[in-house]
There are 2 protein chains.
Amino acid sequence: MATRTRRPERRQEPLSRERIVSAAVELLDTVGESGLTFRALAERLATGPGAIYWHVSGKTELLAAATDAVVATTVTEDETDATPWNAIRALALGVFDAIEAHPWVGTQLTQAPPQSPMLHIFERIGRQVQALQVPEAAQFTAASALMSYILGVAGQNAANTRTLQPGTDRTEFLDAVATAWEELDPDQYAFTRSVAGRLRKHDDRAEFLAGIDLILTGISARQQPTA
Amino acid sequence: MATRTRRPERRQEPLSRERIVSAAVELLDTVGESGLTFRALAERLATGPGAIYWHVSGKTELLAAATDAVVATTVTEDETDATPWNAIRALALGVFDAIEAHPWVGTQLTQAPPQSPMLHIFERIGRQVQALQVPEAAQFTAASALMSYILGVAGQNAANTRTLQPGTDRTEFLDAVATAWEELDPDQYAFTRSVAGRLRKHDDRAEFLAGIDLILTGISARQQPTA
DNA sequence: ACCTGAACACCGTTCAAGT
DNA sequence: ACCTGAACACCGTTCAAGT
């Protein structure tokens with residue numbers, strides 16, 4: 001009985017919600033949405049699939065928690081000296097960049113009920129809308145429109161990344177789309193063909209911001225009508 | 001040998017891509033996204049699951065085809081006498097209504113690559129943007145922003161419907177959300193609390209259109225700067 | 001209280017075999 | 001050419017049994 005077999009070194013810390021969620025994020029980032037499996041996750045945590053259920057109610061909650069974790073690190077403090085316009089741009093860009101780094105977050109945000117992570121962003125957009133002196137009756141519409149736009153771009157970006165072969169890069173992909181557009185029927189797709197070239201020198205971030213600016217212009221114009 | 005058993009009457013028409021897709025739409029509408037199963041679909045078509053694969057390459061294609069089928073019926077002809085603003089509103093409302101009638105279409109549109117059904121809508125929005133006299137360099141941004149906004153609302157609507165218990169209705173749901181918002185921490189969620197009441201007398205369609213108008217205002221304001 | 005891992009019910013997809 | 005349905009590989013989730 002002298003030589004008791006030592007425990008495998010692997011089993012360092014006990015399981016915890018925190019460890020599970022961070023392992024899930026890792027899995028999602030490296031193997032993609034389809035790679036997050038209770039079996040794969042259990043293996044990575046050196047345990048059985050059932051163990052995870054003691055800390056997390058199921059896959060839905062796990063995905064929500066992973067999304068929360070990523071969005072939380074992205075949403076930093078407000079720069080108090082920024083103008084409302086720039087604060088909103090910074091907020092929107094934060095979400096945009098988080099999704100570019102973790103495409104599965106885009107899928108998740110557009111599908112999850114508007115609760116949890118996006119509510120915090122809605123609040124901060126709303127405060128800046130107030131700072132823009134938007135009349136109270138129009139504040140909700142303004143903040144909602146900005147949110148919907150951000151989520152729309154988020155979803156499309158995530159979809160694009162999902163379509164993308166892991167090998168090919170962004171510009172190659174845009175080039176392929178542009179070529180496909182240029183080969184469309186000239187009668188049915190006159191407009192699409194006319195803007196196809198623009199795709200080739202396309203900057204996702206800049207385009208996203210231009211859309212934000214468009215909405216902000218609309219919000220401001222409402223207060224001081226042109227005509 | 002006189003009494004040969006007759007074939008069951010069920011087996012009317014032969015299988016076809018068309019019949020498969022329309023059965024899939026029916027299943028999605030009645031039982032929801034999780035109800036669309038190759039086994040369930042096969043049973044409804046009085047055949048085995050394998051038969052479907054002869055007409056359709058897999059589930060991804062099946063979902064895309066089902067989405068195409070629904071969107072195609074929604075996109076009617078342009079009313080040629082409408083102003084560009086109204087034409088864009090009508091276009092956007094068409095997508096909005098299709099998703100309200102078939103929530104799974106919202107999920108699908110926001111996740112599918114921007115190809116197929118939305119490309120047609122993009123084209124038609126683009127033509128109206130041209131009709132608005134938007135300078136060529138700004139047309140792509142304008143049409144893209146409108147599309148992203150529409151897809152964003154589509155996704156949120158689909159997510160809300162998915163969250164909704166099949167029993168409860170829309171106003172009950174909004175009331176519950178409003179109550180939840182009003183119970184948030186006043187320091188952290190001052191803005192969200194201040195707009196919660198507005199949710200109670202909230203009209204999804206009107207709010208959606210208000211967002212479209214905001215973007216259109218932004219697009220127009222760019223041409224005749226206020227200052 | 002927390003972990004283990006076999007077992008259950010259910011997927012999408014394939015494929016040899018039929019007509 | 002088109003259909004059949006058993007079989008395969010793989011899920012999420014449960015649960016009796018362990019510590």
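Predicted, not measured: the structure shown is a model, and the values here were computed from it.
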Legend entry - Assigned partner base of D/dC10, Watson-Crick or wobble definition, under 3.5 Å: none
Legend entry - Atom pair distance, as rounded to whole Å: NZ in B/K59 and P in C/dG12: 4 Å
Legend entry - Charged N-O contact under 4.0 Å between B/R205 and B/E100: no
Legend entry - Atom-pair distance (CG on B/L36; P on C/dC10), nearest Å: 17 Å
Inset, instruction - Mind checking A/L62 for me? I need base, sugar-phosphate or nothing, with any heavy atom below 4.0 Å counting as a touch. - result: nothing
Legend entry - Rounded interatomic separation in angstrom, taking OH from B/Y53 and P from C/dT14: 6 Å
Legend entry - A/R198 bridged to A/E207 by N-O distance under 4.0 Å: no
Legend entry - Per B/A51 side chain, nearest of listed nucleotides C/dC3, D/dC3, D/dA7: D/dC3
Legend entry - Nearest-neighbour nucleotide for the A/R39 side chain, C/dA7, C/dC3, D/dA7 considered: C/dA7
Inset, instruction - Calculate the interatomic distance between A/L41 atom CG and D/dT13 atom P; express it in whole Å. - result: 12 Å
Inset, instruction - Tell which nucleotide pairs with D/dG5, taking only Watson-Crick or G-U wobble pairs whose two distances are both under 3.5 angstrom. - result: C/dC15
Legend entry - Pair B/R193 + B/E183: basic N to acidic O under 4.0 Å: no
Inset, instruction - Would you indicate which nucleotide in D/dG5, C/dC11, D/dC3 comes nearest to any side-chain atom of B/P49? - result: D/dG5
Legend entry - Separation of atom CZ in B/F38 from atom P in D/dG5, rounded to whole Å: 17 Å
Inset, instruction - Grab the CH2-P distance between A/W54 and D/dG12 for me, whole Å please. - result: 22 Å
Inset, instruction - For B/I52, report the nucleic acid contact type (base, sugar-phosphate, nothing); a contact means any heavy atom under 4.0 Å. - result: nothing
Inset, instruction - Kindly say whether the aromatic ring centers of A/W181 and A/F191 come within a distance under 6.0 Å. - result: no
